Amino acid sequence: MKSIKFGNTSRRKFIKTGAAITVGVATTPACTLESSPDRSKKERGELNEASKKLLDHFNLKYPIFQAAPGGEALAVAVANSGAMGAVSLTWETPENAFDLVTRIKDTTNGNFYANYVLDSEPESLDMALEAGCPIVQFSWGIPNRDLVSRIRSAGARLGIQVASRLNAERALELNPDFMICQGMEAGGHVQAASSLSDTLQEVLEVAEGVPVLAAGGVTTGHDVRQALVAGAAGAVMGTRFMATMESDAHDIYKENLVRAGEHSTAYTICFNNEWNGTHRVLRNRTFLEWEAAGCPQTGKRPGENDVIAKYPGYEPTLRYSIEPPLQGYKGALDEMAMYAGQGVQKIDDLPSAHELIDRLWKEFENS
Ligand SMILES: Cc1cc2nc3c(=O)[nH]c(=O)nc-3n(C[C@H](O)[C@H](O)[C@H](O)COP(=O)(O)O)c2cc1C
């Protein structure tokens, strides 16, 4: 088991600082990054050609994208640190999506994308575009031509997550600005059925100059370098960014990410009440009891009618819900779906997004 570190601050102070940052989002001064990023020759020299193109295309300082989860404060902090921020809009109302995009736009240089999981209709898409969402990225499906033409008419860019060569070939018919290639090491819902290195090679073979970003288990600057050496233009990080001060994960979830070790995650269909997709989570009590019972189907799962958590204004959360424990939930939070990728074993602390990105780049340069 790993020791828990909270940087130079005590646990109590950490919680207070985290709260202050969250509250401070609405009033954060606009963009702390100049529109033309200050990249030294050395930094650019460390990058492959695909990465250089990616940085120029999106006006980024680093070839690092936040994955969809983490919330508004994290997206703002990542974008203002020279990487690409992200916000998940799949389950937002159109009004909330409009307000969220407007706020992130007003407090950053616009380096963020909105993610939609295509298992449901992207109902807030038009309002997000009206608010000026600069980039829309889809996962778990290929968008239809109508969705793409709405995005293009609004002047926004398009990203698509892929998890195989065939999947990438379908995505490429829509001329995306980038593709995210997900491997099985990923935390959250996992579209992939093979390792990142295998999937990435297949996808790169057909990508024809479209930048491909690698997702799944990328946790350190060394991992980012490995992705670039393999030919990716950049890397996408989900679990690592969930374990930061600004992420909207509940403190109990963050602590579990920090404690997790080498064999802590499972690739499973355990948490499937609202969506029956394969996912990678921490092996917690709910998972272990379901596994011990023989991984039974709905109707026969141990404790499946237990209310294990509540969030103000929402239906109570049942044991096999796909909801992760975010800030504001109360209850048996470590029995909920705590999504985590295989790189979680390398997470030892809860830095700010800015500190993390700085560290990732130093590790990248030194590896
Ligand atoms: C807590 C959590 C929530 C996620 N939610 C989404 C989501 O809403 N949409 C999506 O496309 N991917 C989602 N993912 C998957 C990420 O997009 C990405 O593929 C994954 O985090 C990469 O692997 P890593 O976690 O090892 O970095 C989620 C991942 C995590 C850890």
Side-chain angles (χ1 to χ4, degrees), residues 64-71 74-75 78 83-92 97 113-120 122 124 135-143 159-163 167 171 178-193 195-197 199-200 212-220 223-224 226-227 232 234-244 247-250 252-254 256-257 260 264-267 271 274-275 277-282 321-327 329 333 336-347 356 360:
I64 295 171
F65 281 34
Q66 177 200 335
L74 181 62
V78 170
M84 180 71 82
V87 66
S88 159
L89 293 187
T90 311
W91 300 278
E92 289 295 345
Y113 67 90
N115 164 262
Y116 287 96
V117 175
L118 279 173
D119 84 301
S120 17
S124 64
I135 307 169
V136 179
Q137 182 261 325
F138 296 100
S139 58
W140 283 85
I142 303 289
I160 303 176
Q161 175 173 291
V162 297
N167 195 202
F178 65 96
M179 293 191 291
I180 293 176
C181 172
Q182 195 198 40
M184 253 184 100
E185 299 89 336
H189 283 84
V190 184
Q191 212 179 316
S195 71
L196 177 58
S197 62
T199 319
L200 185 60
V212 179
L213 289 108
V218 180
T219 313
T220 66
D223 299 336
V224 177
Q226 295 296 103
V236 180
M237 302 166 89
T239 307
R240 178 61 269 197
F241 277 119
M242 285 304 275
T244 56
S247 109
D248 63 1
H250 194 282
I252 289 173
Y253 182 9
K254 292 183 188 182
N256 275 276
L257 292 175
S264 296
T265 72
Y267 174 68
F271 294 92
E274 300 87 356
W275 177 22
T278 40
H279 46 271
R280 186 177 294 282
V281 280
L282 294 180
S321 166
I322 64 166
E323 291 163 50
L326 302 180
Q327 286 162 22
Y329 276 91
L333 303 189
M336 294 174 74
M338 291 187 289
Y339 300 108
Q342 280 186 338
V344 71
Q345 57 171 308
K346 300 181 206 162
I347 297 176
L356 174 62
L360 289 170

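If you read the sequence from its start, that first residue is 1, and numbering goes on from there. For the numbers below, each heavy atom of this structure counts, side chains included, while hydrogens, waters and symmetry mates do not. Start at 1 and go down the list; that is how both ligands and their atoms are numbered. Just so we're clear, the structure is a prediction, and the values are computed from it rather than from any experiment.
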Original post:
Which bit of Thr239 gets closer than 4.0 Å to ligand 1, counting heavy atoms only: side chain, backbone, both or neither?
Top reply: both
Original post:
Side chain, backbone, both or neither: which part of Phe138 comes within less than 4.0 Å of ligand 1 when only heavy atoms are counted?
Top reply: neither
Original post:
By number and element, which atoms of ligand 1 are closer than 4.0 Å to a non-hydrogen atom of Ser139?
Top reply: 10 (C), 11 (O)
**OP:** Please name the pair of heavy atoms, one in Leu196 and one in Val218, separated by the smallest distance, quoted to 0.1 Å.
**Re:** CD2-CG2, 4.2 Å
How far is [atom] from its nearest protein heavy atom, and which residue and atom is that?
atom: atom 1 (C) of ligand 1; value: Tyr253 OH, 3.4 Å
atom: atom 17 (O) of ligand 1; value: Ala67 CB, 3.6 Å
atom: atom 19 (O) of ligand 1; value: Gln182 NE2, 3.0 Å
atom: atom 9 (N) of ligand 1; value: Asn115 OD1, 2.8 Å

For the side chain of [X] and the backbone of [Y], is there at least one donor-acceptor N/O pair under 3.5 Å apart?
X: Gln342; Y: Gly217; answer: no
X: Gln327; Y: Ser247; answer: yes
X: Tyr253; Y: Ala337; answer: no
X: Gln191; Y: Trp140; answer: yes
X: Ser264; Y: Leu282; answer: no

Proximity winner for [atom], if only heavy atoms of [options] are counted:
atom: atom 28 (C) of ligand 1; options: Pro69, Ala68, Gly238; value: Pro69
atom: atom 20 (C) of ligand 1; options: Gly187, Ala215, Gly188; value: Gly187
atom: atom 22 (C) of ligand 1; options: Gly217, Gly341, Gly216; value: Gly216

Original post:
When you check the side-chain N and O atoms of Glu274 and Ser321, is any donor under 3.5 Å from an acceptor?
Top reply: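 Yes - a donor-acceptor pair under 3.5 Å links their side chains.
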Is [X] close to ligand 1, meaning an N/O of one under 3.5 Å from an N/O of the other?
X: Tyr339; answer: no
X: Ala186; answer: no
X: Arg240; answer: no
X: His189; answer: no

For ligand 1, is there an atom lying under 4.0 Å from some heavy atom of [X]?
X: Gly343; result: no
X: Thr90; result: no
X: Phe65; result: no
X: Met237; result: yes

Original post:
His189 vs Trp275 aromatic rings, parallel, tilted or perpendicular, using cut-offs 30° and 60°?
Top reply: parallel
Subject >> Ile135, Ile64, Val78, Leu213 screened by side-chain contact (heavy atoms from CB on, under 4.5 Å) with Met84, the one that passes >> reply: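 Among the candidates, only Ile135 passes.
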Original post:
Can you check salt bridge (Lys or Arg N to Asp or Glu O under 4.0 Å) on Lys346 and Asp223, steps first, answer last?
Top reply: CA-CA 11 Å; Lys346 300 181 206 162; Asp223 299 336; 2.9 Å; yes
Subject >> Close side-chain approach of Pro143 and Leu118, heavy atoms under 4.5 Å >> reply: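 Yes, close enough: below the 4.5 Å cut-off.
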